[in-house]
Amino acid sequence: MHTTEPVAYDPQAVEARWQRAWAERGTNHVDLANGERPFYALMMFPYPSAEGLHVGNLFAFTGSDISARYHRLLGHTVFQPLGYDAFGIHSENYALKIGAHPMELTPKNVGNFQRQLERAGLMVDWRYKVDTSQRDYYRWTQWVFLQLHKQGLAYKKAAAVNWCPSCKTVLANEQVEGGACERCGTVVEQRFLEQWFFRIGQYAERLLTNLDTLDWSEVTKSAQRNWIGRSEGAEVSFRVDARDAQVRVFTTRPDTIFGATYLVLAPEHPLVDVLTTPDRVSAVRAYQERTTKQDLVSRKSVTEKTGEFTGSWAINPATGARVPIWIADYVLMQYGTGAIMAVPGHDERDFEFAEVLGAQFASQCGLSREAVIKRVVAGGDADANTPLEAAFTDDAAAHLVNSGAFDGTPVADAKAKVTEWLRAGGHAEPVVNFRLHDWCVSRQRYWGPPIPIVYCDTCGTVPVPEEQLPVELPHIADFKPDDSGVSPLARHAEWYNVPCPTCGGNARRETDVSDTFLDSAWYFLRYPNARREDVAFDAGITQRWLPVDSYIGGNEHAVLHLLYSRFVTMALKDGGHLDFEEPFTRFRAHGLIIRDGAKMSKTKGNVINPDEYVNEWGADSFRMYLMFLGPYQEGGDFRSQGISGVRRFLDRLWAAVRDADREGTPDADVMRKLHQTIRKVGEDTGALAYNTAIAAMMEYMNVLRRAERTVHVDEVAPLVQLVAPYAPHLAEECWEQLGHTGSVFDAGWPAWDAALMVEDTVEVAVQVQGKTRGRVQVAADATQEDVVRAALDDPTIAKFVTGEPKKVIYVKGRLLNLVV
RNA sequence: GCCCGGAUGGCGAAACCGGUAGACGCGGGGGCCUUAAAAGCCCCUUCCCGCAAGGGGGUGCGGGUUCGAGUCCCGCUCCGGGCACCA
């Protein structure tokens with residue numbers, strides 16, 4: 001005879017078994033039409049890279065999954081879908097690099113992701129998977145484009161793009177580093193192409209003010225506010241001297257208009273040709289050509305100021321003085337009116353310009369330094385005549401000088417007063433400007449949804465009728481971009497030549513595809529409708545499930561993806577397709593997993609392959625370890641040795657359930673700790689404070705198994721429910737061991753009983769003069785007098801109490817402070 | 001430059017509303033069990049002085065408020081992120 005070894009926890013077996021069971025029983029399937037208390041838990045879908053799932057992905061998904069499972073245990077019907085952001089320049093570039101075709105490569109990558117994700121044990125209803133590169137998805141992306149077009153929110157205009165002459169391709173701004181192509185280092189040029197834009201600028205104010213109503217991570221909201229960049233000011237008209245023309249400028253400092261000593265136009269400003277005098281034409285033209293050649297990134301970076309005088313003069317409406325009109329590349333056509341009034345005395349850029357080009361101001365305009373750099377604001381020791389060594393921009397407690405009737409007005413009041421005065425004279429209007437510019441959705445690429453527009457010789461620009469969607473992306477072998485500046489699709493006449501949908505005459509398709517960010521700007525609407533072939537989204541289902549209750553994702557998408565999604569939702573609401581305008585009620589940004597203090601990247605060679613860890617420790621341990629690293633919303637440093645602590649905890653839980661005693665009664669002290677733990681774990685899990693929830697469970701385990709005591713079944717069963725969101729496979733197995741036949745995820749969340757939580761004695765810290773000198777054990781209901789007596793009875797404390805206590809501060813059950 | 005975060009032991013980190021700083025885990029030390037090892041279990045582990053009892057210091061830096069400050073206020077330093085020739 002030999003004793004049978006107790007069965008040890010074998011994560012591989014347990015996980016395989018439950019993944020099979022979940023699939024067979026449909027545990028993760030959601031009844032979208034009937035479920036009670038619907039809860040839409042969304043996580044940012046991944047781009048299916050060839051490298052496979054990254055720990056960062058798994059960290060993000062696990063955090064979302066825990067929240068989703070917790071809500072299910074609380075009794076919600078939880079819909080947690082997942083899919084793939086499979087279109088886009090990343091996939092296309094990678095395909096080009098390895099010489100594969102994205103249409104074949106993408107499904108392979110998706111398959112690999114799918115396999116890895118299924119091992120992670122996410123509570124995803126895979127029947128509602130989306131893949132943005134599939135025709136049954138991008139058909140509706142094109143539909144979204146058409147709705148925006150119908151509402152007048154899509155328009156076409158010529159705009160500058162970055163062009164790499166070596167790669168022969170259009171580059172995104174992020175792909176330009178210091179004026180050069182990030183991949184080959186060639187100097188990037190500007191090209192002007194006709195492109196499609198969405199009028200997101202029209203929604204700037206709404207996108208900004210709605211932020212106050214959203215329950216989002218503060219970092220994310222602040223990033224959006226910066227990006228939208230609202231600024232209040234005025235548009236001021238300057239009449240051009242001796243000509244029938246005027247220059248409109250935008251300024252946030254109308255109060256400094258008495259110090260506006262010259263104007264500057266962007267080199268591409270349409271008035272430049274009109275204003276340039278014959279003697280200045282060659283210099284101005286040369287300067288314009290130079291700036292056009294510059295790439296967009298270095299154009300916007302700070303370099304030494306340059307510019308040219310146009311030969312024309314304008315009249316300052318406040319002073320009546322003649323001021324010269326210049327052009328300079330530090331003024332951007334895209335912002336404001338593309339022209340500024342320069343106040344060198346009180347603007348650092350204008351000051352630098354006036355200093356650097358001082359010689360030209362003297363020789364070409366006949367203006368001395370003092371005439372150009374004029375003080376109109378003074379503060380501190382300075383007065384109207386104090387010379388300016390630098391631009392004076394400290395407006396606090398400053399007032400206007402050399403400003404006629406406004407002398408002495410505090411800067412704080414002057415803005416409104418001067419604007420009103422200018423407005424009354426017909427020279428200015430108060431305006432609000434936004435930095436947010438319209439969204440360019442055209443991509444001169446292959447791997448995206450063709451923009452559903454046709455150009456007809458007779459009818460002009462014609463949207464493709466909705467019933468003719470999708471405009472299918474053809475399988476072409478030569479999808480590589482070339483130096484034509486148009487999409488590879490433009491090489492395929494057999495594809496782009498079509499009859500006009502309106503008149504049947506000769507027409508050509510738009511050959512650009514749309515931006516990947518459009519694919520992801522509406523995917524949350526598609527998930528609950530992923531099986532519908534007749535509509536993009538159904539009104540009833542959408543009303544039932546949206547807006548999204550909880551959205552979790554990385555803050556790298558704080559601006560583009562989240563802002564575009566909000567814009568598209570607003571636009572669809574205005575078009576009558578939705579009855580809400582904010583898609584994500586609650587958004588939380590998760591942190592980043594770093595390693596050895598550095599971001600994980602292939603070049604650093606510090607990338608973690610999740611498969612290795614799942615094989616060695618099991619998915620449950622790996623999930624739980626990722627959550628234990630640090631606060632979820634801050635991320636943490638991955639140390640491979642740390643995982644053993646979490647695994648040890650799960651081993652002990654396994655053993656506790658296996659050996660649990662069904663006879664007898666649970667221990668009162670243990671049960672007290674249990675109820676405290678239930679409360680703590682629930683509060684922390686709801687707040688995404690996963691690291692401290694896990695710590696609380698570990699702490700309970702230390703009590704439960706202290707000195708290898710035998711555990712009673714009632715002491716351990718609720719812990720199985722608490723751990724379920726974190727280690728779902730193990731929890732199911734333990735739940736079954738405890739004699740249940742249904743899933744633990746249908747068992748509910750245990751309730752805590754405040755009466756069972758109270759301690760009968762408490763430890764009170766005793767301070768003398770605010771310094772902790774000892775602690776005393778007292779009954780939980782002890783009065784202040786009881787505690788003082790107990791403290792003074794303790795000689796180690798009493799020796800610090802010299803004389804009669806003057807003041808006694810008692811914080812019930814926690815602390816006593818004696819002041820002598 | 002402006003706007004958001006953050007800085008706590010050897011390490012990852014905790015600390016509700018201003019109330020015992022360092023929970024939980026890693027690492028380290030010691031013990032029990034074992035022929036031995038592994039595993040498991042128990043104890044210790046903020047720093048300095050001390051054999052100990054005990055004492056003193058301590059949450060990036062400098063001030064302040066308070067009986068009491070990691071937490072609040074003022075002034076900085078450094079790190080991470082966003083915006084930025086945006087008028």
Side-chain angles (χ1 to χ4, degrees), chain A residues 8 217-229 231 233 249-253 256 264 299-303 305 328-332 334-343 347-350 352-353 393 433-437 555-556 558-559 589 591-592 594 597 599 625 628-631 633-646 648-649 651-652 655 680 683 689 691-702 705-709 763-775 796 805-820:
Chain A
S217 298
E218 194 48 46
V219 267
T220 313
K221 292 210 255 188
S222 129
Q224 292 213 349
R225 287 192 190 104
N226 283 337
W227 184 264
I228 294 168
S231 63
V249 304
F250 172 72
T251 178
T252 55
R253 295 296 307 277
T256 61
V264 189
R299 164 72 191 271
K300 289 184 177 184
S301 56
V302 183
T303 47
K305 298 280 178 292
D329 65 357
Y330 80 95
V331 175
L332 307 169
Q334 308 88 289
Y335 188 74
T337 59
I340 63 157
M341 63 177 210
V343 184
D347 181 284
E348 277 157 19
R349 297 151 302 182
D350 299 343
E352 192 202 334
F353 186 82
T393 55
N433 238 303
F434 294 94
R435 188 155 44 229
L436 178 67
H437 39 270
N555 216 37
E556 65 274 17
V559 175
L592 289 177
I594 55 172
K599 232 177 181 170
Y625 175 59
F628 190 58
L629 279 178
Q633 293 176 67
E634 280 161 42
D637 204 342
F638 190 95
R639 312 234 159 208
S640 10
Q641 33 185 343
I643 195 169
S644 60
V646 164
R648 197 148 28 231
F649 167 74
D651 280 332
R652 300 219 289 168
K680 169 90 176 142
E683 283 171 358
N691 56 333
T692 50
I694 294 168
M697 290 188 273
M698 288 173 163
E699 210 177 313
Y700 178 58
M701 179 62 74
N702 288 340
R705 298 267 293 167
R706 175 134 295 152
E708 294 179 300
R709 69 182 279 278
E763 191 185 66
V764 174
V766 181
Q767 297 184 336
V768 181
Q769 311 291 77
K771 271 183 187 286
T772 307
R773 293 301 184 179
R775 2 208 102 148
T796 61
K806 260 192 289 189
K807 193 171 170 188
V808 176
I809 292 118
Y810 179 56
V811 181
K812 197 171 186 315
R814 299 185 68 100
L815 176 134
L816 178 76
N817 189 6
L818 301 170
V819 186
V820 293

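These figures come from a predicted structure and were not determined experimentally. Order of the sequence lines sets the chain letters (A, B, ...), proteins ahead of strands, with each chain counted from 1. What's counted below: heavy atoms across the whole structure, side chains too, no hydrogens, waters or symmetry copies.
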Determine the Euclidean distance between corresponding [atom1] atoms of [M] and [N]; express it in Å to zero decimal places.
N	M	atom1	answer
B/G81	B/C11	C1'	24 Å
B/A84	B/G27	P	45 Å
B/A69	B/G64	C1'	11 Å
B/G18	B/G31	C1'	42 Å
B/G19	B/A87	P	43 Å
B/C24	B/A14	C1'	8 Å
B/G62	B/A13	P	24 Å
B/C43	B/C48	C1'	24 Å

For RNA chain B, whose closest nucleotide is more 5', that of A/Arg253 or that of A/Val559?
-> A/Val559
Please give, in whole Å, the distance from [N] [atom2] to [X] [atom1]?
X	N	atom1	atom2	value
A/Gln334	B/A84	CD	C1'	14 Å
A/Tyr330	B/C85	OH	C1'	8 Å
A/Arg435	B/C3	CZ	P	13 Å
A/Asp347	B/C85	CG	C1'	9 Å
A/Glu352	B/C85	CD	C1'	9 Å
A/Asp350	B/C85	CG	C1'	10 Å
A/Asn555	B/G82	CG	P	9 Å
A/Leu436	B/C83	CG	P	13 Å

About how many Å separate [atom2] of [Y] and [atom1] of [X], when rounded to the nearest 0.5 Å?
X	Y	atom1	atom2	value
A/Ile694	A/Met701	CD1	CE	13.0 Å
A/Thr393	A/Asp347	OG1	CG	8.5 Å
A/Phe628	A/Met698	CZ	CE	4.0 Å
A/Tyr810	A/Leu815	OH	CG	9.5 Å
A/Gln334	A/His437	CD	NE2	8.0 Å
A/Glu218	A/Arg225	CD	CZ	5.5 Å

Does the side chain of A/Gln767 reach to within under 4.5 Å of the side chain of A/Ile809, using non-hydrogen atoms?
-> no
Mind listing the N/O atom pairs, protein and nucleotides 41-43 of chain B, below 3.5 Å?
from: B/C41; atom 1: OP1; to: A/Arg652; atom 2: NH1; distance (Å): 2.9
from: B/C42; atom 1: OP1; to: A/Ala707; atom 2: N; distance (Å): 3.1

Scan every strand shown for a Watson-Crick or G-U wobble partner of [N], both distances under 3.5 Å, and answer none if you come up empty.
N	answer
B/U77	B/A7
B/C2	B/G82
B/G40	B/C32
B/G18	none
B/C24	B/G12

Taking all non-hydrogen atoms of both residues into account, name the closest pair between A/Ala223 and A/Val559 and its distance.
-> O-CG2, 3.8 Å
What closest approach, in Å, do A/Val264 and A/Ala342 show between heavy atoms, and which atom pair accounts for it?
-> CG2-CB, 4.4 Å
If you check every side-chain atom of A/Ser222, which of B/G82, B/C4, B/A87 has the closest atom?
-> B/C4
A/Asn433 and A/Ser231 side chains, donor-acceptor separation under 3.5 Å = no
Touch check for A/Val808, heavy atoms < 4.0 angstrom, all strands: base, sugar-phosphate only, or nothing?
-> nothing
Conformer about C1'-N of B/G9 - syn within 90° of 0, anti elsewhere |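 In terms of base orientation relative to the sugar, B/G9 is syn.
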Could you check if the base of B/C17 is syn or anti? Syn means the glycosidic torsion is within 90 degrees of 0.
->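 The base of B/C17 is oriented syn (glycosidic angle within 90° of 0).
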Any donor and acceptor pair, going by atom type alone, linking the side chain of [X] with main-chain N or O of [Y] inside 3.5 Å?
X	Y	result
A/Ser217	A/Val219	no
A/Arg435	A/Tyr335	no
A/Asp350	A/Val343	yes

Is any N or O donor-acceptor pair between the side chain of A/Thr303 and the base of B/C85 shorter than 3.5 Å?
->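 By the distance-only test, yes, there is a pair.
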Any donor-acceptor pair under 3.5 Å joining the side chain of A/Lys305 to the base of B/C85?
->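 Under the 3.5 Å cut-off, the side chain and the base do form a donor-acceptor pair.
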Begin with the C-alpha distance, continue with both residues' side-chain angles, and end with the deciding distance and a verdict on side-chain contact (heavy atoms from CB on, under 4.5 Å) for A/Gln633 and A/Asn555.
-> CA-CA 10 Å; A/Gln633 293 176 67; A/Asn555 216 37; over 6 Å; no
How would nucleotides 11-23 of chain B be written as a contact map, 5' to 3', with B for base contact, S for sugar-phosphate-only contact and - for no contact, using protein heavy atoms under 4.0 Å?
-> SBSS-B--BBS-B
Could you go over nucleotides 52-55 of chain B and give all protein N or O partners under 3.5 Å, atom names and distances?
from: B/G55; atom 1: OP1; to: A/Lys799; atom 2: NZ; distance (Å): 3.4

